[in-house]
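Right, one structure below, let's go through it.
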Number of protein chains: 2
Amino acid sequence: MGAREKILETAAHLFSTSGYRATSLAQVARAAHVSKALILWYFNSKEQLFRVALQHFLTPYEIDDQVLMGLSESEQVEKLINDYYDFIAEHLYSVKFVLGQVVRGDENSQELVEHVRELYRVYRGLLATILERGKTRCVFVPQVRPTEDAALIMAALNGLFVQRLVEQENNGVARELLDHFQLTVRERLCTPSPHPDVSFLSLPELLSTQRPRR
Amino acid sequence: MGAREKILETAAHLFSTSGYRATSLAQVARAAHVSKALILWYFNSKEQLFRVALQHFLTPYEIDDQVLMGLSESEQVEKLINDYYDFIAEHLYSVKFVLGQVVRGDENSQELVEHVRELYRVYRGLLATILERGKTRCVFVPQVRPTEDAALIMAALNGLFVQRLVEQENNGVARELLDHFQLTVRERLCTPSPHPDVSFLSLPELLSTQRPRR
DNA sequence: GTCTATATACAGATAGAC
DNA sequence: GTCTATCTGTATATAGAC
């Protein structure tokens with residue numbers, strides 16, 4: 001790996017974990033085993049280094065909606081939720097960083113935040129579309145309000161992420177909560193099966209009266 | 001207002017919006033119309049100024065659970081949700097700051113974050129207790145899992161907050177989402193009335209029937 | 001391309017006049 | 001109490017040798 005690449009990778013990592021101001025060129029230089037001067041030879045200023053380095057963890061922030069082909073609406077929702085969660089878990093340090101920039105309103109990363117904001121909207125729109133389709137196909141309950149419920153699902157997911165940050169929980173506990181969330185979402189969205197287990201709960205029966213076929 | 005007070009207020013505001021490192025004593029001094037030396041005469045170091053200034057917006061972070069007296073379990077949940085949301089809306093800039101510290105893991109505000117973490121746990125515990133009681137009293141559906149559902153509700157609330165930050169939405173849109181969330185929570189928790197009006201919206205009536213005495 | 005040496009600016013903190 | 005002047009460290013950035 002060339003020195004330039006090494007610098008970029010190191011900078012992306014340090015900026016992500018410590019933020020712009022808290023990361024000095026000296027730190028980057030030490031961690032990348034180069035001199036400060038070399039960094040400024042490639043990138044003319046700290047700010048430029050920052051911008052270019054951001055592309056490193058901005059590129060993978062793309063949505064691939066091909067993978068939803070052939071799944072039922074409820075499976076699609078389930079998959080979108082899991083994927084979102086997995087994505088955050090996998091890119092934890094950079095997501096944390098972006099959140100930090102959002103919170104601070106740092107002017108150095110306006111473009112970054114805007115990009116993420118856009119991805120966020122796309123994701124939510126995708127969810128809403130699926131909810132809408134599932135609703136018209138009567139796979140989902142008619143009370144579903146696509147836009148609002150999509151926003152709520154996204155909010156809950158973001159909240160689970162924040163919860164994990166605040167509580168400093170390990171992934172295990174958070175996973176359990178996600179499973180519980182998946183369950184809750186299914187119960188809220190999906191039309192109950194024609195032969196519900198009536199033994200205990202009365203709600204499903206109630207709703208089953210207004211349930212047409214697939 | 002004395003110079004000391006002026007410094008404290010200015011510092012609290014600047015630290016809250018820009019963070020510890022990004023706020024210099026010179027800035028504080030300029031904004032408070034005093035000299036740097038005076039700041040260090042009152043508070044011996046920048047860090048100490050930071051700590052003392054934090055108390056300014058840490059004090060109001062208390063939970064008053066007396067106000068829940070005389071409400072039904074479902075009303076209690078509703079109130080807790082609204083209060084949490086209102087609190088965040090009201091203390092937006094300091095909550096943003098705390099979130100920023102959590103995200104960054106800043107060692108200068110360990111105590112602050114720990115305090116908030118504790119309040120968060122108490123709030124969640126309170127919610128869980130109410131859910132538990134409502135469940136045994138059959139005001140809530142038996143599928144309710146107090147701990148998990150409380151955590152989920154908190155997560156959704158935090159998520160709504162983050163959503164608002166990311167989307168830079170005005171309070172109006174966020175309010176609508178909160179109302180939709182309240183509705184969703186009620187539908188999930190509350191036992192349906194024995195004679196639900198299935199025609200369109202059954203919920204408000206629903207709640208009025210099952211409201212027992214104190 | 002990569003380095004050392006250095007310029008320049010600004011941070012937090014101290015000394016001491018008033 | 002409040003100030004000006006100054007010290008010291010560290011940050012970004014430049015100059016120039018190799």
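Computed from a predicted model, the values in this text were never measured in an experiment. Naming: A, B, ... by sequence-line order, numbering from 1 per chain.
More than 12 non-hydrogen atoms from other residues, nucleotides or ligands lie less than 6.0 angstrom from CZ of A/R117. Remark: A/R175 CZ is packed, more than 12 non-hydrogen atoms of other residues, nucleotides or ligands lying under 6.0 Å away.
Picking from D/dA11, C/dC3, D/dC3 the nucleotide with the shortest atom distance to the side chain of A/V34 gives C/dC3. Distances from the side chain of B/A3 to the nucleotides C/dT2, D/dT2, C/dC3 place D/dT2 closest.
Here the P atom of nucleotide C/dG12 and the CG atom of B/N108 are 12 Å apart, to the nearest Å. When the C1' atom of C/dA13 is taken as reference, atom CD of B/Q48 falls 13 Å away, rounded to whole Å. One can place CZ of A/F43 at 15 Å from P of D/dT12, the figure rounded to the nearest angstrom. Atom pair B/L38:CG and C/dT14:C1' shows a separation of 14 Å (rounding to whole Å applied). Distance, A/I7 CD1 to C/dC3 P: 8 Å, rounded to whole Å. In this structure, B/R30 places its CZ atom 10 Å from P of C/dC10, rounding to the nearest Å.
Mapping A/Q27 and B/S35 onto DNA chain D via the closest heavy atom, the residue that lands nearer the 5' end is B/S35.
A parallel orientation is assigned to the rings of A/Y20 and A/F15, their planes being inclined by less than 30° (bins at 30° and 60°).
One distance of note links CG of B/L189 with CD of B/E78; it measures 11.0 Å at 0.5 Å rounding. In this structure, CD1 in A/I7 is found 11.0 Å from CE in A/M1, a value given to the nearest 0.5 Å.
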For this session: Determine, for nucleotides 13-18 of chain D in 5'-to-3' order, which nucleotides have protein heavy atoms under 4.0 Å from the base (write B), from only the sugar-phosphate (write S), or from neither (write -).
Result: BBB---
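A donor-acceptor contact closer than 3.5 angstrom links the side chains of B/Q76 and B/R133.
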